[in-house]
Amino acid sequence: MCPFLALPYGESVKKMAYHKVNADQRTQGQYLDSDDLQATALELEWDMEKELEEPGFDHFRLDGAVQQDLGNSQSPDLDLEPIQPSASPKGRFQRLQEDPEYISHYTRQSPKSHRCSFFQILKVFCAALILFIFGIVIGYYAGKKCPSPPASPEPNNPHIYHEILKEIKAENIQQIYRDVLQSPREDDVDAAMRILLQWTSHGLEDVRLVNYSVLLDLPGSSSNTITLKNSGECFYPDGQQCSKVTRTLHSQDLLYSYAAYSAKGTLEAELVDIQYGTIEDLIRIQTTTNVTKKIALLKLGQSPLLYKLSLLEDAGFGGVLLYVDPCDLPKTTDLAEKAFMVSLNSGGDPSTPGYASIDGSYRQNRLNLTTLLVQPISAVLAKKLTSIPENRIQKDKCVPLQLSSTDKKIINLSIQSVTTYKTISNVIGYLKGSVFPDRYVIIGSHHSSLNTYGGQEWASSTAIITAFIQALMLKVKRGWRTDRTIVFCSWGGTSFGNIGSYEWAEDLKRVLQRNVVAYVSLHNPVRGNSTLHPIASPSLQQLAAESQNINCVEKMKCPGSNVSSVQTQGDSDYFINHLGVPAMQFSYEDINTSENSSFVSEALFPMHATRTEELDPSFKLHENIAKFSGYATLQIANEPVLPFNALDIALEIQNSLRVFLGEEVDASQLLAVASRLRDTAELFQSDEMRPANDPRERAPIRVRMLNDVLQSLEKSFLVQQAPPGLYSEL
């Protein structure tokens with residue numbers, strides 16, 4: 001037997017390794033130390049393992065083994081099957097395992113293969129990371145060079161606005177107006193439902209009917225009366241003497257000639273003339289007369305009615321006869337012979353002050369909102385009470401009515417009304433914005449109340465807003481859309497104290513306070529035909545002036561604009577005084593020559609159905625109001641930067657301080673603060689507004705922040721506890 005073959009497989013491998021090492025040593029000389037020899041042996045053993053694992057090794061036969069098979073065929077125990085590395089009883093690496101520093105982690109793959117796999121994975125990961133970063137860089141510069149697609153298929157520019165506004169035509173408004181009036185007399189819910197169907201038919205996508213159950217003060221079954229105890233004469237509020245025939249002929253006007261939410265009952269007392277009821281008038285009267293439980297003869301105008309009534313209530317008066325001096329009325333009107341209706345409600349449902357009248361709300365028992373018995377009367381009756389001599393009546397000059405100081409009259413005042421809960425409805429339509437859907441521009445009108453008293457101005461308001469919706473939706477159907485959301489509102493219960501708008505706004509106060517940008521009012525748009533009377537919050541005065549010139553774009557000369565910032569009446573009240581939302585309103589009025597004519601519009605006079613068509617037979621005035629209001633609405637809803645002017649707010653405050661304080665009060669510190677506010681506003685206009693209006697310098701995030709600042713400007717000037725009837729905004 002060959003000695004080599006007689007050794008076990010492991011020992012033979014060791015022999016081969018040692019022979020290899022010795023051969024190398026002889027070839028290279030004695031330059032390898034013991035450590036090098038050990039490393040060389042380990043490397044040879046790893047190579048041996050690789051050779052044994054190759055597929056061709058199964059057919060490997062040693063030369064010595066073949067000779068033993070041929071020469072010693074008598075040995076039956078010899079197994080000549082192919083050598084299997086795993087059949088070694090002690091393993092191929094017995095020599096390594098005998099090393100005390102060797103830790104065996106035997107696997108089928110070699111450590112060298114592990115290192116190769118790790119480096120390959122690392123290379124793949126690095127390559128993927130480089131490609132990812134490279135893709136981000138390419139995408140960034142590609143997106144920077146390529147302009148972002150516009151939010152709407154067509155850009156927002158004045159050309160688009162004029163395309164929409166030219167679809168507003170006088171004949172369309174007139175037809176809508178007549179359709180509204182031809183409908184049968186109906187309650188508030190039915191009128192609101194008809195408006196909802198109209199808006200939906202024109203394509204407005206989201207229109208809702210919002211109902212509230214509110215406390216209303218309605219007239220009683222018979223008219224209120226005023227009796228002169230001196231002569232025993234009894235008069236109705238319009239000045240006609242009490243009789244069954246008169247009551248039958250004018251029952252509707254007589255019943256609704258009252259003050260809603262007034263105290264009820266009967267009062268007999270002396271009549272005291274206090275003119276306009278200012279603080280100066282009260283001081284003058286109280287120096288000579290005890291006014292406790294007396295009846296005041298009060299003129300409407302100069303200041304809000306609720307403010308004057310609060311002064312009279314504090315002074316101790318028991319009742320009030322309210323009238324409008326003919327000198328404060330336009331000469332073109334014939335309202336002197338008519339009584340009117342007023343509401344003593346400051347706003348909203350009286351049974352839920354400060355919160356919405358929704359299901360589950362607590363209801364307060366507030367049948368009267370004042371302790372005064374208040375009754376509106378006509379100027380004709382006021383003349384009878386004052387007993388003006390004929391020689392004081394001048395045809396060329398109006399003489400204000402005044403009760404003689406020596407003329408003592410005792411009045412018996414009888415007032416009755418019915419307080420009950422009724423349902424009022426608001427119609428709310430939404431045109432969702434494409435860029436800033438969470439910013440709302442509200443345009444509001446009002447529809448018929450529970451009574452038909454007060455003329456048909458609500459029909460003008462409804463016709464104008466419906467015509468604007470009709471023109472706007474024609475453009476929307478062709479793919480164009482406003483950037484900000486436009487909310488179209490038709491309010492109910494306006495004549496009883498703006499109840500519909502108050503309840504809706506109280507119900508959604510947090511959302512509206514955060515999202516409403518501006519309010520455009522269509523309250524009583526055509527009161528006369530003499531002059532255009534625009535009213536706007538200070539920040540919107542420039543836009544209101546610009547809106548008036550849309551009809552003279554192609555003309556060389558445009559009429560001068562005169563925008564006022566006086567207090568407005570109507571459903572914009574809650575948005576201005578409680579939410580700090582800037583508002584504007586356009587209306588046509590007759591020229592008032594009197595300085596005391598402000599707040600005369602608080603009176604709701606009865607007007608027959610043809611009165612509006614007499615004022616505007618061609619409906620061109622209605623068309624102008626629709627275009628002025630529509631243009632302002634589109635500007636606010638579409639311009640990237642809100643068209644508000646911060647400098648006008650500072651100028652309004654500065655001018656108001658100079659006017660009200662005058663020379664008598666040392667207001668140097670206040671005026672200095674106002675001057676600094678003006679300087680800051682000028683700096684804001686130049687440093688922030690002008691760059692934002694330049695498309696080349698406009699950054700979307702910066703514009704959004706700037707718009708939020710502009711939107712909140714007038715909120716900073718809200719007064720927490722304003723006197724009754726007065727603005728809560730400076």
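One is the number of the first residue; the rest follow in order along the sequence.
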Is there a side-chain contact between [X] and [Y] in this structure, where contact means two heavy atoms from C-beta onward sitting under 4.5 Å apart?
X: Ser501; Y: Cys489; value: no
X: Glu652; Y: Gln541; value: yes
X: Glu503; Y: Thr352; value: yes
X: Cys242; Y: Tyr236; value: yes
X: Glu714; Y: Ser537; value: yes
X: Leu372; Y: Leu309; value: yes
X: Gln302; Y: Thr278; value: yes
X: Leu615; Y: Leu621; value: no

Can you list the steps and then say if Leu216 with Thr419 is a side chain to side chain contact (heavy atoms under 4.5 Å, CB included)?
-> CA-CA 6 Å; Leu216 298 181; Thr419 305; over 6 Å; no
Hey, is the main chain of [Y] close enough, under 3.5 Å, to the side chain of [X] for a donor-acceptor pair?
X: Gln241; Y: Glu233; value: no
X: Lys383; Y: Ala379; value: no
X: Ser521; Y: Ser572; value: no
X: Arg366; Y: Pro350; value: yes
X: Ser343; Y: Asn345; value: yes
X: Asp325; Y: Pro400; value: no

Stepwise ring-ring contact (aromatic ring centres under 6.0 Å, His included) check, His622 with Tyr588 = CA-CA 9 Å; His622 288 74; Tyr588 278 97; 9.0 Å; no
Take the angle between the ring planes of [X] and [Y] and call it parallel below 30°, perpendicular above 60°, tilted in between.
X: Phe586; Y: Phe628; answer: tilted
X: Phe605; Y: Phe340; answer: tilted
X: His578; Y: Tyr502; answer: perpendicular

Could you tell me if [Y] and [X] have a donor-acceptor pair between their side chains, going purely by distance under 3.5 Å?
X: Gln275; Y: Gln402; result: no
X: Ser262; Y: Gln375; result: no
X: Asn645; Y: Gln542; result: yes
X: Asp328; Y: Tyr276; result: yes

Pairs satisfying salt bridge (Lys or Arg N to Asp or Glu O under 4.0 Å), at least one member in residues 564-583, at least two apart =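 Pairs touching residues 564-583 that pass the test: none.
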Can you list every salt bridge (Lys or Arg N to Asp or Glu O under 4.0 Å) pair that touches residues 516-543, not counting sequence neighbours?
-> Arg527-Glu589
Is any NZ, NE, NH1 or NH2 atom of the basic residue among Lys422 and Asp217 found under 4.0 Å from an Asp or Glu carboxylate oxygen of the other?
-> no
N-O pairing of Arg284 and Glu280 below 4.0 Å = no
